[in-house]
Structures are given as structure tokens and as C-alpha cells.
2 protein chains.
Amino acid sequence: MRLSTKGQYGLRAVVDLADRYGQGPIPLNTVAQREDISEHYLEQLMSQLRKAGIVTSIRGAQGGYQLARPPQEITIAEIIEVLEGPIVPVDCLANEDGCNRSTICAAQSVWKKLAEAMNDVLGSTTLADLVEENQRLRNKNGDFMYYI
Amino acid sequence: MRLSTKGQYGLRAVVDLADRYGQGPIPLNTVAQREDISEHYLEQLMSQLRKAGIVTSIRGAQGGYQLARPPQEITIAEIIEVLEGPIVPVDCLANEDGCNRSTICAAQSVWKKLAEAMNDVLGSTTLADLVEENQRLRNKNGDFMYYI
DNA sequence: TTAATCCCAACCTTTTTACTCGGGATTCCG
DNA sequence: CGGAATCCCGAGTAAAAAGGTTGGGATTAA
């Protein structure tokens, strides 16, 4: 019932990008350092996110990654789905064919309700919400950021 | 983001017992056969559920397992917690100490909301609800059961 | 006494996780 | 133009978790 580090790292990295949206491409090594994630490993996650259209990349010197869309248009559900697959507690909800017991399995009803609740939360939260949360945390910590 | 088979099998087995609550102990092999689960593997799960006070066992011939309490007093959350650990999407919510980034990590806010939603669903559904659902499914399938 | 049952610990195989490694392709900058 | 900074890609790998299996011991009803 846990996310793997892919989902956790991936979200942190994307929030990091969201925090700097509009400031041009951010090289991966700075994200990796700030978030304390292995750069090479993070690279693999970013590759998936790029192919899914969540971030874009610019190669070469002064290159890096940036969000493909404004933070308020990217939900957490989208990000997690890319990195962890469909947001469902059991496989038989994800596979079109379903499990062979679906017509006789009461358990499925509770898994359906659970899947719905999870998607509600993750689908209604956007990166903009987390950027705002970050702002709030920074203020609370008296750790103000000065932008030039 | 998926339950392991422990949670899935375990719930199915317990629902099976709930369906027969009040009929005395049910031997494990009949549950295993009905639910199509390896008997020895299921045994390990039942052992955990017994130690957690969800089922009781009676040894010897004519023995078996039964619910320790009426179905309406056992939530799905309880069962899943025994078999899968705390119902949280990330470890840093489960460990008392939390992660070392907790004061600066916006991601945690969304994981908290998610954990809450999951616990709401699983904590408000009881085995009685699933027994009822089973009844409904049986009726829909025209598969009536006759009890002697 | 015997068959049915639960109880327990150890072992095993496969898959997944969480990386690391090495090198190639682009692009900016001086 | 050359070199440094980047992203891109595929393979390899060690450790952990998943999903069991095996074998035997303890209890109890009939």
C-alpha cells in the first residue's frame, strides 16, 4: 500500500520544477542535489515524465528540464500514474478484463470505493497547490527567499 | 500503490468467514478451496489475523477458524493494517519521527490528505457491508443458496 | 487411536526495487 | 572550432520483498 521511491522522488522533483516555473530550464543535477536524489536514477524518472508530456527537456549546455504546462494544469494523479501506473489498490480494477471472480467478489466493491477516493484526492490537487504549500512552509520557517 | 496478495487473500478469506458467522468454526482448507488460495499460504495470513484478534481458532478435528467479533464490528481497515501495515502511501507518515524533510516537504501535505481519504473509506466499511454485498451479488446472479 | 485440524519455523524461487555504469548525442560558449 | 555542460539510452546488479512450499509438531473429536 506504499508508493515506491519513483513516485516520491518524481513528485518532489516535479514540485521543485514547479517552484521555478518560468525561469527557464533547470539542469537535473541541481534538482537532484536540492532534493537529495541520485542524479542518474532521477534521470530515468524524468525520462518517463518527458515521454508522458509532463516536462520538456533542452539538451546541451545551459539545458535542463522544465514543466511542459503551468503548474495549475498538472495534477498529482497524472504524475503518479506515469511513474507508478494506474492508481488502483488491486490489479483486477486496472485490467480491462477484470478478475475472473468479479461477479462473485464482494471485496471488489470496497476496492472500487477506495480507488475512487484516491483518485479524488490526487486528481484534485495540482502542482500549483504544492507550490503554494511550499510558500507557506517557507514563511512558517522564517526562511524567506529573495529572488533577484 | 497496490496491495499485495496478503491483503487481497486475507480480506477474501475473512469475508468468507463473515458469510458464515455463527455457524461454528470453518476449517481452513474449505476456505482455501472456495477462495482458490494456497492453503499453507493462507495459514500464515490467518495466523497474523488470529494474533491481532480478528479471528479465533479451534484446534483438532472439527476445528477451524471463525470471526472473533460480529462482522459489523470489524472494519476493513483493521484487516488490511494487520496484513499490510499502516494504511499510508509513504513511510514518512507511518514512522513517528517522520522524514527529515518534513518541515520543508510540500509533498507531505498531499500524502496526508491521501492517507486520510484511504482510512475514511476502509475505516467506515465493515465486514457486514461486504456480507450484504455478497448477498446482493448472489441474488443478481440468480444463484440462491439454500441452508439446511 | 486415528484422522482432522491448527501451529510453527525454515527454506526457496521469482520479481521488483533502487540503483550504478558507461558511453553517445546535442548544444552553448569562448 | 573545441570543449564543457547537458540530456539520452541501454545494460548490469545487489538487496529486498513477494509469494509461496516443505516438513513436522501439538491438539482434539469421534
What integer distance in Å separates [X]:[atom1] from [N]:[atom2]?
{"X": "K6(A)", "N": "dA16(D)", "atom1": "NZ", "atom2": "C1'", "value": "15 Å"}
{"X": "N29(A)", "N": "dA4(D)", "atom1": "CG", "atom2": "P", "value": "16 Å"}
{"X": "E84(B)", "N": "dA17(D)", "atom1": "CD", "atom2": "C1'", "value": "12 Å"}
{"X": "Q66(A)", "N": "dT6(D)", "atom1": "CD", "atom2": "C1'", "value": "14 Å"}
{"X": "R2(A)", "N": "dT17(C)", "atom1": "CZ", "atom2": "C1'", "value": "15 Å"}

Going from [atom1] on [X] to [atom2] on [Y], what distance comes out if it is rounded to the nearest 0.5 angstrom?
{"X": "Q66(B)", "Y": "Q23(B)", "atom1": "CD", "atom2": "CD", "result": "10.5 Å"}
{"X": "E35(A)", "Y": "T30(A)", "atom1": "CD", "atom2": "OG1", "result": "9.5 Å"}
{"X": "E133(A)", "Y": "T125(A)", "atom1": "CD", "atom2": "OG1", "result": "10.5 Å"}
{"X": "R34(A)", "Y": "N29(A)", "atom1": "CZ", "atom2": "CG", "result": "9.5 Å"}

Residue [X], side-chain atoms from C-beta onward, closest of [options]:
{"X": "P27(B)", "options": "dA26(D), dT27(C), dT5(C)", "value": "dT5(C)"}
{"X": "R59(A)", "options": "dG24(C), dA29(D), dG19(D)", "value": "dG24(C)"}
{"X": "S57(A)", "options": "dA4(C), dC8(D), dG25(D)", "value": "dC8(D)"}
{"X": "L28(B)", "options": "dC7(D), dC6(C), dC28(C)", "value": "dC6(C)"}

Would you please confirm or rule out a distance under 4.0 Å between OP1 or OP2 of dC19(C) and any side-chain N or O of Y9(A)?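 Yes, such a contact exists.
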
Does any part of the side chain of L130(B), heavy atoms only, come nearer than 4.5 Å to the side chain of L11(B), both counted from C-beta?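 Yes, their side chains come closer than 4.5 Å.
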
For residues I37(B) and L45(B), determine if any side-chain heavy atom of one lies less than 4.5 Å from a side-chain heavy atom of the other.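 Heavy-atom side-chain distance check fails, nothing below 4.5 Å.
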
Tell me whether E73(A) at atom CD has more than 12 heavy atoms from other residues, nucleotides or ligands lying less than 6.0 Å away.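 It does: E73(A) CD has more than 12 such atoms within range.
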
I need the residues from residues 36-51 of chain B with at least one non-hydrogen atom less than 4.0 Å from DNA chain D; give them sorted by number, or say none.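 Those residues are S38(B), H40(B), Y41(B), Q44(B).
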
Which is more 5' along DNA chain C, the nucleotide nearest T5(A) or the one nearest I58(A)? Just name the residue.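 Result: T5(A).
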
